[in-house]
Amino acid sequence: MQKVADQFKADILEKEKQLTNTGSLSERLEVIKDLAYYYSFINLKKAEGYLNQLRKLSEATGNSLQMAYYHSYSSFLENQAYNYNWSIAHLKKARSIFEEEGYNAQLGDVFIDLAGTYFNLNMVEESEYWLEQSTKILKNHPDPFVQARLLNRRANLYNRRFVYDKSIDLLLEARTLLESQHPKKDIKDYHSLTQVYSNLGFSYMRAEDKDNSVLSYQKVIEICETFGFGMRLAWYYLHIGNAYSSMRKFKLAGQHFKKAITDTPQDSSQYARAGASANLGQLYFMQGNYESAMAMYNYAEKLYGQHQGLDDDYNFSVLERYRAQLHAELDNEEKALEHYNTALNFAIKSDDYKQMSAIYKDLAVFYEEQKNYERAYQFQTKYSESREKYVNEERARAFTELEVKYETEKRERETEFLRLQTTELQLKALRAQMNPHFIFNSLNSIQGYITGDNPEQAAIFFSKFSRLIRNSLEFSEFDVIPLEDEVQFLDDYLELEKERFKGDFDYSIKIDDDVEEDIMGIPPMIIQPYIENSIKHGIRDVKNGFVSINFRMEDDENLMCVIEDNGVGREIASKRQKEYQAGTHRSMGTMITQQRLNLFNQSSDVKLSTNTIDLTDNNGNPTGTRVEVRIPVMSIDKKFYNYGVT
């Protein structure tokens with residue numbers, strides 16, 4: 001791993017030299033972007049400098065894509081500095097530009113970062129929403145390292161719901177992905193690995209597996225020290241120090257608390273360094289080194305005051321209690337009482353019954369040693385009351401944990417059921433589309449060309465037929481495919497049907513100019529069943545039958561596909577079908593498609609809908625049928641679809 005880190009550093013030094021010799025603005029922008037990216041993980045001040053250059057040069061040249069990277073990297077820096085709202089603002093701007101430019105693969109990471117930032121703000125529902133959006137992107141743009149980051153964020157949600165075993169499973173899977181060898185593995189992937197190991201340390205500790213917790217934190221620290229990831233290093237030293245303390249390995253704990261204070265950047269994680277200072281002070285106190293202990297308490301107070309976090313009242317209460325205990329040990333009774341009272345006031349402000357009960361217990365012992373039994377009894381009573389409240393809170397919390405675990409497992413079962421239903425309907429749609437009659441008749445047509453000594457036409461027909469079959473199978477693997485590929489598929493299908501019906505009908509496919517069919521996506525196998533219906537039941541027995549398919553933008557958010565025929569209409573078609581089939585066959589295509597639409601709408605925020613209109617003349621006689629399929633705009637990157645559309 002050291003060789004990889006050294007190579008990264010060498011590459012960056014080379015890029016910094018290259019920057020001084022680069023005259024082309026486009027090359028300069030690319031180099032500055034790479035430098036800003038690297039230093040975002042290593043050196044906050046350098047990163048800010050390069051990001052400032054990236055922004056100015058991108059604005060001057062009108063390079064919107066580079067501005068997207070500027071916002072994406074800036075969001076990471078703001079997150080590192082705990083400026084979560086600013087981070088979200090940058091991510092939303094990056095998202096907007098990537099979507100406009102059609103760089104949808106980059107959206108997977110943007111959505112994961114949004115999920116993580118909202119999680120840091122305790123906005124769990126928003127976090128879940130963005131993880132779902134990222135999941136959709138990954139289905140069409142698979143990337144093992146982005147997948148690992150997604151798994152890591154999902155593990156965070158499981159930790160929040162106290163389902164630590166599931167969290168550990170996801171994190172181990174993420175670790176495997178991130179530790180795999182890949183030529184495109186970059187510094188962000190190693191940084192992501194530190195997040196995975198950190199979460200493993202937390203999850204193992206909550207699951208009472210302290211040994212694996214320590215091993216995980218050791219791995220985090222090794223990676224951070226190797227690559228120079230300093231911004232969160234103080235936290236990792238603090239966490240492993242706490243783990244060692246819980247195992248009563250106080251010497252190792254003290255070593256790591258000291259590292260958190262002295263071996264990390266002074267402008268990073270002051271809250272973690274404050275916690276390490278307070279804990280190191282307690283270790284000094286246990287050793288009887290009271291002067292060093294007080295120095296650490298004072299330093300911790302200074303750092304907490306600079307941080308101004310949400311838990312300040314609790315933290316100050318803890319520090320004041322430590323000071324009180326120290327003064328009590330030195331028989332400075334007046335000072336001890338002063339600090340106990342201050343600690344109690346902070347504990348009451350923080351509404352922490354566990355901390356209150358601990359202070360009341362200390363005061364009861366303090367007054368008992370003073371032989372002031374009345375005051376000792378009073379504080380012993382308050383201790384019992386606050387302890388009871390704390391126990392009740394713990395019971396309620398344990399009940400909540402069980403309830404949350406139950407709801408989580410219930411929702412997962414429901415989600416899995418929907419997924420299985422979706423898969424089943426995809427396969428049913430495929431079978432309905434490629435029905436035996438169509439395949440048999442197509443093969444007969446090919447045979448007819450061959451026996452009729454028309455091998456050239458047979459080859460053309462066979463090429464379209466085989467492409468149609470192949471694409472049907474491959475499309476069934478995707479939730480969304482490019483519109484231009486769906487149009488090609490429909491054109492092949494209609495050509496084959498036209499050939500089978502000996503040219504008794506014609507068709508047209510039109511795409512309005514404002515429809516960007518190369519970057520717009522639609523669910524596969526949605527349109528074809530309606531076209532099949534038009535041919536088989538609408539225009540089958542009509543002279544000069546015609547089917548038109550038109551794609552147009554209904555509005556900025558929705559694509560409209562209109563399938564219209566000049567057939568006999570639904571009422572007559574239904575009567576003929578009953579007479580012809582006599583109840584021995586059911587046309588399943590449109591029914592399955594409607595089921596798929598219903599299921600899609602159940603499991604998605606965007607909604608698909610269909611509307612069927614009976615066309616008539618001025619006298620009310622049927623003149624055909626129009627089907628309108630409304631499809632929400634879904635953008636894709638065509639280059640990530642590797643199936644055989646030709």
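Heads up: numbering here begins at 1 and tracks the sequence. Only heavy atoms go into these numbers, but all of them, side chains included; no hydrogens, no water, no symmetry mates.
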Q) Shortest non-hydrogen contact from Ser167 to Ala155? A) OG-O, 3.3 Å
**Q.** Donor-acceptor pair, side chain of Ser357 and main chain of Tyr353, under 3.5 angstrom
**A.** yes
(Q) Quick one, Ile42 and Phe8 - any side-chain contact, counting heavy atoms below 4.5 Å? (A) no
Q. Hey, what do you get for OH (Tyr103) to NE2 (His141), rounding to the nearest 0.5 Å?
A. 13.0 Å
Q. Should Asn242 and His256 count as side-chain neighbours, where that means a heavy-atom distance under 4.5 Å?
A. no
Q) Strictly by modelled atom types, are Arg273 and Tyr237 linked by a side-chain donor-acceptor pair under 3.5 Å? A) no
Q: Test Glu132 against Tyr129 for side chain to side chain contact (heavy atoms under 4.5 Å, CB included), laying out the working first.
A: CA-CA 5 Å; Glu132 286 304 315; Tyr129 170 80; 5.8 Å; no
Q) How far does CG of Leu29 sit from CG of Asp34, to the nearest 0.5 angstrom? A) 11.0 Å
Q.
Could you tell me if Glu48 and Tyr39 have a donor-acceptor pair between their side chains, going purely by distance under 3.5 Å?
A. no
Q. Mind checking whether Gln282 and Asn279 have side chains closer than 4.5 Å, heavy atoms only?
A. no
Q. Does Arg160 count as lying over the ring of Phe119, i.e. NZ or CZ under 6.0 Å from the six-ring centre, within 45 degrees of the axis?
A. yes
Q.
Could you check, using the six-membered ring where one of them is a Trp, whether Trp235 and His239 have ring centers closer than 6.0 angstrom?
A. yes
Q: State, with a plain yes or no, whether a side-chain heavy atom of Cys224 is found less than 4.5 Å away from one of Arg232.
A: no
**Q.** Criterion side chain to side chain contact (heavy atoms under 4.5 Å, CB included) on Leu51 and Leu77, from CA distance to verdict
**A.** CA-CA 10 Å; Leu51 282 170; Leu77 259 64; 3.7 Å; yes
Q) Tell me, do Leu170 and Asn152 make a side-chain contact under 4.5 Å, heavy atoms counted? A) no
Q.
If we count only N and O atoms by modelled type, under 3.5 Å, do the side chains of Ser216 and Arg175 hold a donor and an acceptor together?
A. no
Q. About how many Å separate CD of Glu173 and CG of Asp169, when rounded to the nearest 0.5 Å?
A. 9.0 Å
Q. Got a donor-acceptor contact below 3.5 angstrom from the Ser87 side chain to the Asn83 backbone?
A. no
Q.
Whether the side chain of Ser40 engages the backbone of Ala36 through a donor-acceptor N/O pair (distance < 3.5 Å, no angle test) should be reported.
A. yes
Q: Heavy atoms only: give me the nearest Ala272-Leu238 pair and the separation to one decimal.
A: O-CD2, 3.7 Å
(Q) Is it the case that the side chains of Glu225 and Tyr236 hold a donor-acceptor pair, with the cut-off being a distance below 3.5 Å and no angle test? (A) no
**Q.** Phe250 vs Tyr244, ring-ring contact (aromatic ring centres under 6.0 Å, His included): CA-CA, chis, key distance, verdict
**A.** CA-CA 7 Å; Phe250 298 121; Tyr244 279 130; over 10 Å; no
Q) Would you say the side-chain atoms of Thr194 pair up with the backbone N or O of Val220, donor to acceptor, closer than 3.5 Å? A) no
Q | Steps toward salt bridge (Lys or Arg N to Asp or Glu O under 4.0 Å) verdict (Asp189, Arg149) | A | CA-CA 9 Å; Asp189 303 315; Arg149 286 189 273 278; 3.0 Å; yes
Q) So how far is it from Ser269 OG to Gln80 CD, rounded to the nearest 0.5 Å? A) 8.0 Å
Q.
Can you tell me if Gln2 has over 12 outside heavy atoms packed within less than 6.0 Å of its CD?
A. yes
(Q) So which atom in Ala253 and which in Ser245 form the shortest heavy-atom distance, rounded to 0.1 Å? (A) CB-OG, 3.3 Å
(Q) Can you tell me if Lys93 has over 12 outside heavy atoms packed within less than 6.0 Å of its NZ? (A) no
Q.
Keeping Ser213 on the side-chain end and Gly201 on the backbone end, is there a donor-acceptor pair under 3.5 Å?
A. yes
Q.
Looking at every heavy atom in both Ile112 and Val146, which two are closest together, and how far apart are they?
A. CD1-O, 3.4 Å
Q. So, Asn199 and Gln195: side-chain donor and acceptor under 3.5 Å apart, yes or no?
A. no
Q) Roughly how far, to the nearest 0.5 Å, is the CD atom of Glu126 from the CG atom of Leu114? A) 11.0 Å
Q) According to the interplanar angle, ranging from 0 to 90°, do the rings of His191 and Phe229 count as parallel (below 30°), tilted (30 to 60°) or perpendicular (above 60°)? A) perpendicular
**Q.** Any donor-acceptor pair under 3.5 Å from Ser58 side chain to Arg55 backbone
**A.** no
Q. Please walk me through it: do Ser203 and Leu171 pass side chain to side chain contact (heavy atoms under 4.5 Å, CB included)?
A. CA-CA 9 Å; Ser203 300; Leu171 291 168; 3.8 Å; yes
(Q) Using a 3.5 Å distance criterion without hydrogens, assess whether the side chain of Thr226 forms a donor-acceptor pair with backbone atoms of Glu222. (A) yes
Q: Would you please test Tyr38 and Glu16 for side chain to side chain donor-acceptor pair (under 3.5 Å) and show each step?
A: CA-CA 11 Å; Tyr38 176 82; Glu16 289 182 322; over 6 Å; no
(Q) Just verifying a value: how many Å separate Asp209 CG and Asp165 CG, rounded to the nearest 0.5 Å? (A) 12.5 Å
Q.
Assess the residue pair Glu179 and Lys219 against the criterion (salt bridge (Lys or Arg N to Asp or Glu O under 4.0 Å)); give the C-alpha distance rounded to whole Å, side-chain angles, the decisive distance to 0.1 Å, and a yes or no.
A. CA-CA 12 Å; Glu179 289 184 337; Lys219 193 66 178 178; 5.1 Å; no
(Q) With a 3.5 Å distance limit and no angle check, can you tell me whether Asn43 reaches the backbone of Lys46 through a side-chain donor-acceptor pair? (A) yes
(Q) Taking the six-membered ring for Trp, are Tyr69 and Phe98 closer than 6.0 Å centroid to centroid? (A) yes
Q. So, does Lys185 use its side chain to make a donor-acceptor pair with the main chain of Tyr190 at under 3.5 Å?
A. no
Q.
For Lys354, I'd like to know if atom NZ has over 12 heavy atoms of other residues, nucleotides or ligands within 6.0 Å.
A. no
Q. Taking the six-membered ring for Trp, are Phe41 and Phe76 ring centroids under 6.0 Å apart?
A. yes
Q) Which heavy-atom pair separates Ile97 from Ser64 by the least distance, and what is that distance? A) CG2-O, 3.1 Å
Q) How about Lys33 and Tyr70: do any of their side-chain heavy atoms sit closer than 4.5 Å? A) no
Q. Would you say Lys9 and Phe227 make side-chain contact, with heavy atoms under 4.5 Å?
A. no
Q) Okay, side chain of Thr135, backbone of Leu131: is any donor-acceptor separation there less than 3.5 Å? A) yes
Q | Heavy-atom check, side chain of Tyr82 versus side chain of Tyr84, under 4.5 Å | A | yes
Q. Phe257 and Gly241: which non-hydrogen atoms are nearest, and at how many Å?
A. CZ-C, 3.5 Å
**Q.** Aromatic ring pairing Tyr271/Tyr304, orientation class (parallel under 30°, perpendicular over 60°, tilted between)
**A.** perpendicular
Q | Verdict with reasoning, Arg95 to Phe111, per side chain to side chain contact (heavy atoms under 4.5 Å, CB included) | A | CA-CA 8 Å; Arg95 173 204 174 193; Phe111 292 162; 3.8 Å; yes
(Q) Quick one about Tyr37 and Asp186 (side-chain donor to acceptor, distance below 3.5 Å, no hydrogens or angles considered), yes or no? (A) yes
